[in-house]
Amino acid sequence: MMQDLTDLILSRIRDVADYPKPGIVFKDITPLLGDHEVFSAVVEALADGLRVDKIVGIEARGFILAAPVALRAGAGFVPVRKKGKLPAATLETSYDLEYGSAVIEVHADAFAPGDRVLIVDDVLATGGTAEATVELVGRAGAEVVGVSVLMELAFLKGRERLGQTGLRALVVV
Ligand SMILES: O=P(O)(O)OC[C@H]1O[C@H](OP(=O)(O)OP(=O)(O)O)[C@H](O)[C@@H]1O
Ligand SMILES: Nc1ncnc2[nH]cnc12
């Protein structure tokens, strides 16, 4: 990856102390999203070289990155949503993340058997969300070929939770 892009990304992510809880340093990507040049470069980098059938985005911030990556990569988009938001039959799983816990769902018929799938999110922190999504997408009949994130918070060791599933991060802090 070009050092230029790393620096551009880092320059457009803002640290917000004690959000949403005391002691958490929140990585706010809204400055990046508001910058067309950097947002475009991020989508290009995440889509580069992909050969997959579907991109999975994780509600909510994951959607913002995953949908344009899907279009750029010529793949379909599948939403993984917080419980209660998807209208048809779903599969679900519960998990813990850096500052709480949640239940996520995917439509049971979202994938054709053996679909090759990349999961896209903004931040990998503890890895709880990504690990749960890998498990859910696998249960729904797809083959997870990897997880790609904009930013990995290495000190939280989320990468270790993903085991054999490949992780790609555009920036690591
Ligand atoms: O690695 P983890 O510790 O699991 O944390 C990472 C997750 O936390 C954030 O989502 P959040 O649940 O805050 O939802 P949002 O996108 O709706 O803000 C982020 O977008 C990742 O999905
Ligand atoms: N520190 C953090 N900043 C932004 N999103 C997160 N998701 C989990 N931890 C986070």
Side-chain angles (χ1 to χ4, degrees), residues 6-35 38-39 42-43 45-47 52 54-70 77-87 90-107 110 117-140 142 144-173:
T6 304
D7 291 343
L8 272 176
I9 290 170
L10 289 172
S11 74
R12 293 291 183 273
I13 295 179
R14 168 170 61 187
D15 283 359
V16 180
D18 300 320
Y19 180 89
K21 291 182 174 172
I24 303 291
V25 179
F26 190 86
K27 300 293 183 181
D28 176 21
I29 66 165
T30 61
L32 184 154
L33 299 174
D35 183 321
V38 187
F39 190 7
V42 163
V43 170
L46 289 171
V52 296
K54 302 262 168 44
I55 302 284
V56 163
I58 308 172
E59 184 175 4
R61 279 173 275 146
F63 289 176
I64 300 167
L65 297 175
V69 170
F77 171 77
V78 173
V80 162
R81 297 208 63 176
K82 305 283 163 58
K83 187 177 172 63
K85 298 289 188 179
L86 288 171
T90 61
L91 303 174
E92 70 174 51
T93 192
S94 56
Y95 63 98
D96 293 323
L97 69 154
E98 191 185 6
Y99 39 66
S101 62
V103 178
I104 47 171
E105 297 182 314
V106 70
H107 273 145
V117 169
L118 178 76
I119 295 165
V120 172
D121 207 352
D122 64 335
V123 173
L124 184 92
T126 64
T129 306
E131 181 185 33
T133 304
V134 170
E135 182 259 328
L136 190 63
V137 171
R139 237 188 318 132
V144 178
V145 301
V147 174
S148 287
V149 297
L150 172 62
M151 170 171 275
E152 174 186 359
L153 306 184
F155 68 99
L156 290 170
K157 303 192 187 307
R159 186 177 281 268
E160 294 175 9
R161 305 255 311 249
L162 292 179
Q164 296 291 88
T165 306
L167 173 71
R168 177 166 176 240
L170 296 188
V171 298
V172 181
V173 295

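Remember, it's 1-based here, ligands and their atoms both numbered in the order they're listed. Sequence positions, counted from 1, serve as the residue numbers for this chain.
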Leu150: which of Leu170, Leu124, Asp121 passes side chain to side chain contact (heavy atoms under 4.5 Å, CB included): Leu170

For atom 9 (N) of ligand 2, find the nearest protein heavy atom and state the residue, atom name and distance (0.1 Å precision). Glu98 OE1, 2.5 Å

For the CE atom of Met151 and the OG1 atom of Thr6, what is their distance to the nearest 0.5 Å? 10.0 Å

Which residue and atom name correspond to the protein heavy atom nearest atom 14 (O) of ligand 1, and how close is it? Lys82 NZ, 3.1 Å

Heavy-atom side-chain contact between Val149 and Arg168 under 4.5 Å: no

Looking at side-chain heavy atoms only, is the closest gap between Val56 and Phe77 below 4.5 Å? no

When you measure from atom 19 (C) of ligand 1 to every protein heavy atom, which one gives the shortest distance, and what is it? Asp122 OD1, 3.3 Å

For atom 6 (C) of ligand 2, grab the closest protein heavy atom and report residue, atom and distance to one decimal in Å. Tyr99 OH, 3.4 Å

Among all protein heavy atoms, pick the one closest to atom 3 (O) of ligand 1 and tell me residue, atom and distance. Thr126 OG1, 2.6 Å

Atom 15 (P) of ligand 1: which protein heavy atom is closest, and how many Å away? Ala60 N, 3.7 Å

Judged on heavy-atom distance to atom 7 (C) of ligand 1, which of Ile58, Leu65, Thr129, Leu124 sits nearest? Thr129

Against heavy atoms of Gly128, which atoms of ligand 1 measure under 4.0 Å? 1 (O), 4 (O)

When you measure from atom 13 (O) of ligand 1 to every protein heavy atom, which one gives the shortest distance, and what is it? Tyr99 OH, 2.5 Å

Distance-only check: which donor-acceptor pairs under 3.5 Å involve side-chain atoms of residues 91-99, not counting sequence neighbours?
{"residue": "Glu92", "atom": "OE1", "partner": "Lys83", "partner atom": "NZ", "Å": "2.5"}
{"residue": "Thr93", "atom": "OG1", "partner": "Glu135", "partner atom": "OE1", "Å": "3.0"}
{"residue": "Tyr99", "atom": "OH", "partner": "Arg61", "partner atom": "NH2", "Å": "3.1"}

Does ligand 2 have any atom sitting under 4.0 Å from a heavy atom of Met151? no

Atom pair OG1/CD1 of Thr133 and Ile58 - distance to nearest 0.5 Å: 3.5 Å

Heavy-atom distances under 4.0 Å decide this one: backbone, side chain, both or neither, for Glu59 against ligand 1? backbone

List ligand 1 atoms under 4.0 Å from Glu98, heavy atoms only on the residue side. 3 (O)

Numbered atoms and elements of ligand 1 in range of Val123, under 4.0 angstrom, heavy atoms: 6 (C), 21 (C)

Work out whether the distance between some heavy atom of Gly158 and some atom of ligand 1 is less than 4.0 Å. no

Could you give the distance from CZ (Arg14) to CZ (Phe26), rounded to the nearest 0.5 Å? 10.5 Å

Which part of Lys27 is near ligand 2, with near meaning a heavy atom under 4.0 Å away: side chain, backbone, both or neither? both

What is the closest protein heavy atom to atom 10 (O) of ligand 1, and at what distance does it sit? Arg61 NH2, 3.5 Å

I would like to know whether Val117 and Val145 meet side-chain contact (heavy atoms from CB on, under 4.5 Å); could you show each step before the answer? CA-CA 6 Å; Val117 169; Val145 301; over 6 Å; no

Taking Glu59 for its side chain and Lys82 for its backbone only, find out whether a donor-acceptor pair lies under 3.5 Å. yes

Mark up the atoms of ligand 2 that fall under 4.0 Å of a heavy atom belonging to Ala125, in ascending order. 8 (C), 9 (N)

For atom 22 (O) of ligand 1, what's the nearest protein heavy-atom neighbour? Residue, atom name and distance, please. Asp121 OD2, 2.5 Å

Got the closest protein heavy atom to atom 8 (O) of ligand 1, with its distance? Leu97 CD1, 3.4 Å

Approximate separation, where rounding is to 0.5 Å, of Ile119 CD1 and Ser148 OG: 9.5 Å

Counting from 1, what ligand 1 atoms have a heavy atom of Ala125 closer than 4.0 Å? 1 (O), 2 (P), 3 (O), 5 (O)

For ligand 2, note which part of Val25 has a heavy atom under 4.0 Å away: side chain, backbone, both or neither. backbone

Any nitrogen or oxygen of Ile24 lying under 3.5 Å from a nitrogen or oxygen in ligand 2? Just yes or no. no

Heavy-atom check, side chain of Val16 versus side chain of Val25, under 4.5 Å: no

Number the atoms of ligand 2 from 1 as they appear, then name those within less than 4.0 Å of a heavy atom of Leu153, with their elements. 1 (N)

Heavy atom of the protein closest to atom 5 (N) of ligand 2 (residue, atom name, distance): Arg61 NH1, 3.0 Å

Nearest 0.5 Å, what's the CD1-CG distance between Ile104 and Leu86? 10.5 Å

Sidechain N-carboxylate O distance under 4.0 Å for Glu105, Arg81: no

Working to the nearest 0.5 Å, report the span between CG of Leu8 and CZ of Phe39. 14.5 Å

